[in-house]
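Notes to accompany the following structure.
For the single chain, residues carry numbers from 1 onward in sequence order.
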Amino acid sequence: METLRWRTGRLELIDQRRLPLEFEYVACTDALQTAAAIRDMVVRGAPAIGCTAAYGVALEAQRHAGAARAQFDTALQAAFRVLAASRPTAVNLFWAIERMRQCQVQTRSGSTRAAADAMLELAHAMRSDDIEICRAIGRNGAPLIAQGARVMTHCNAGALATAGHGTALGVIRSARDAGKRISVIANETRPYLQGARLTAWEMVQENIPVTLVTDNMAGHLMQLGRVDVVVVGADRIAVNGDTANKIGTYTVAVLAERHRIPFYVAAPLSTIDIAIAEGSAIPIEERDPAEVTGFRGLHWAPEGVEVANPAFDVTPAALITGIITERGVIMQPDAKQIRALFEN
Ligand code: MRU
């Protein structure tokens with residue numbers, strides 16, 4: 001399964017809004033369409049958003065390859081702007097845009113055709129690197145999952161949320177591949193249902209035993225001793241280890257601490273924002289109230305009711321047992337260990 005792929009000069013994305021009922025790709029041919037695909041949740045999940053944005057810039061560069069330098073630069077500026085405005089929380093988006101911007105600067109002395117080709121090569125490299133990085137996260141995290149473990153996860157940090165393999169689900173896949181008979185408890189993840197629609201689907205596809213539960217069942221299951229470990233992904237990690245992830249993750253972390261269940265975050269270094277000292281500075285996306293009051297045309301709340309719909313929350317580092325990265329696992333994360341990850 002390819003979450004995003006390059007075909008005949010276009011970016012193709014699995015339309016995640018339609019899963020699990022339909023599996024189809026939609027194509028993007030410019031930065032504007034790519035930004036709309038991110039904003040409208042065709043593609044979602046921090047690393048997948050980053051890779052998609054890189055292709056969004058590359059598409060725009062290809063469209064203007066051969067143009068005069070000033071025109072090429074203006075088009076790219078507009079692409080950076082529209083893509084950066086698509087969603088605010090996942091830092092991978094801004095990380096990817098910055099890498100493309102650096103590529104633009106480095107290729108300034110050659111032709112715009114050469115610059116556009118270099119940018120497309122970089123987008124391809126970011127996509128294939130992301131798969132390798134997820135495999136490394138999986139390898140590093142698998143030893144933390146015991147034989148027979150019942151693993152709770154929240155939202156979807158799977159192949160669909162990355163270029164492939166996944167972060168939290170990458171750990172689960174790698175543990176299974178290492179011969180562990182594990183099972184997954186997928187929290188539904190209200191209001192957008194990434195757990196029910198995407199995580200449950202990925203696990204069913206791969207014959208990994210999965211039990212779908214609504215979010216408010218997590219505490220009960222932990223109290224009954226039916227959860228051995230929690231593994232989730234991340235959208236942005238501050239330097240002190242505070243972690244923004246899908247709304248409801250904080251609740252699960254508090255419950256895990258109460259029940260002395262290890263709580264791990266699996267994420268690549270591109271999800272760590274070294275410019276942000278602590279979680280309170282992470283911008284939290286507020287989404288359409290319609291996601292809370294109904295779903296796909298069905299409405300269950302009274303017309304005009306006041307709604308809050310923050311899409312992410314921040315789990316303080318103190319509640320996190322460890323962060324699993326491609327460069328290894330840091331236990332009881334803090335600024336010193338997180339900075340050290342970037343030093344080698
Ligand atoms: O709103 P979404 O679906 O983009 O939120 C996704 C998450 O919160 C994921 O857990 C996170 O991006 C990690 S994906 C490997």
Side-chain angles (χ1 to χ4, degrees), residues 1-4 14 44-48 50-51 92 126-187 189 194-195 198-212 227-235 237 243 245-246 249 252-253 256 261-272 320-333 337-338 341 344:
M1 181 176 70
E2 294 176 296
T3 306
L4 59 152
I14 295 176
R44 29 64 52 201
C51 293
N92 304 62
M126 285 164 77
R127 177 183 177 278
S128 52
D129 284 355
D130 189 59
I131 299 171
E132 284 315 306
I133 286 167
C134 286
R135 289 195 188 284
I137 290 172
R139 270 195 306 279
N140 293 337
L144 301 167
I145 310 296
Q147 181 63 270
R150 294 154 300 178
V151 189
M152 177 173 279
T153 190
H154 193 77
C155 194
N156 172 266
L160 290 166
T162 60
H165 197 66
T167 57
L169 296 191
V171 171
I172 288 166
R173 284 195 168 93
S174 297
R176 187 271 318 262
D177 293 346
K180 295 189 178 153
R181 280 172 291 96
I182 56 177
S183 59
V184 174
I185 299 161
N187 293 344
T189 318
Q194 289 93 331
L198 308 177
T199 293
W201 182 76
E202 280 195 37
M203 296 294 93
V204 166
Q205 295 288 308
E206 285 199 41
N207 290 320
I208 297 178
V210 59
T211 303
L212 173 64
V227 181
D228 299 304
V229 57
V230 179
V231 188
V232 297
D235 286 84
I237 301 175
T243 294
N245 190 48
K246 181 51 55 194
T249 303
V252 177
I261 296 167
F263 180 94
Y264 291 103
V265 171
L269 263 60
S270 54
T271 299
I272 300 175
I320 299 171
T321 310
I323 300 180
I324 305 163
T325 77
E326 67 272 34
R327 296 219 175 140
V329 183
I330 53 175
M331 302 300 278
Q332 287 150 349
Q337 294 183 82
I338 288 182
L341 285 173
N344 43 44

Hits for side chain to side chain contact (heavy atoms under 4.5 Å, CB included) against Leu144, two or more places apart or cross-chain, chain-then-number order -> Tyr264, Ile324, Val329
Distance-minimising heavy-atom pair for Ile131 and Gly164: CG1-N, 3.9 Å
Heavy-atom check, side chain of Thr321 versus side chain of Met331, under 4.5 Å: yes
Which atoms form the tightest heavy-atom contact between His154 and Val252, and what is the distance? ND1-CG2, 4.1 Å
CD-NZ distance between Gln194 and Lys246, expressed to the nearest 0.5 angstrom: 4.5 Å
Any idea which heavy atoms bring Pro333 and Ile338 closest together, and the distance? CB-CD1, 4.4 Å
If you take all heavy atoms of Ala163 and Leu4, which pair is closest and at what distance? CA-CD2, 4.0 Å
Does atom CD of Gln332 have more than 12 heavy-atom neighbours, drawn from other residues, nucleotides or ligands, at distances under 6.0 Å? no
Do Ile137 and Pro268 come within less than 4.5 Å of each other through their side chains, counting heavy atoms only? yes
From the list Ile237, Val265, Ile330, side-chain contact (heavy atoms from CB on, under 4.5 Å) with Ile320 holds only for Val265
Is any side-chain heavy atom of Leu341 closer than 4.5 Å to one of Thr325? yes
Between Ser270 and Asn92, the two heavy atoms sitting closest are OG-ND2, 3.1 Å
Determine yes or no for a side-chain-to-main-chain donor-acceptor pair under 3.5 angstrom, with Thr3 supplying the side chain and Thr162 the backbone. yes
Any side-chain heavy atom of Leu160 within less than 4.5 Å of one from Met1? yes
How long is the straight-line distance from SG of Cys51 back to CZ of Arg127, given to the nearest 0.5 Å? 8.0 Å
May I ask you to test the Met203-Leu169 pair for a side-chain heavy-atom distance under 4.5 Å? yes
Calculate, to the nearest 0.5 Å, the distance between atoms CZ and CD belonging to Arg135 and Glu326 respectively. 14.5 Å
Roughly how far, to the nearest 0.5 Å, is the OG1 atom of Thr199 from the CG atom of Asn187? 9.5 Å
Listed once per pair and sorted, the salt bridge (Lys or Arg N to Asp or Glu O under 4.0 Å) pairs that draw on residues 158-183, sequence neighbours left out: Arg173-Glu202, Arg173-Glu206, Arg176-Glu206
Taking the side chain as every heavy atom from C-beta outward, state whether Arg150 and Asp228 have any pair of such atoms under 4.5 Å apart. yes
Sub-3.5 Å donor-acceptor pair from the side chain of Asn140 to the main-chain atoms of Ala136, do we have one? yes
Trace of the side chain to side chain contact (heavy atoms under 4.5 Å, CB included) decision for Ile323 with Gln337: CA-CA 10 Å; Ile323 300 180; Gln337 294 183 82; over 6 Å; no
Quick one: do Thr189 and Asn156 satisfy side chain to side chain contact (heavy atoms under 4.5 Å, CB included)? Show the steps, please. CA-CA 9 Å; Thr189 318; Asn156 172 266; over 6 Å; no
Is the shortest heavy-atom distance from the side chain of Val151 to the side chain of Thr153 under 4.5 Å? no
Please report the closest heavy-atom contact between Ala234 and Thr243, naming both atoms and the distance. CB-CG2, 3.5 Å
Test item: Ser174 and Ile145 side chains (from C-beta on) under 4.5 Å apart, heavy atoms: no
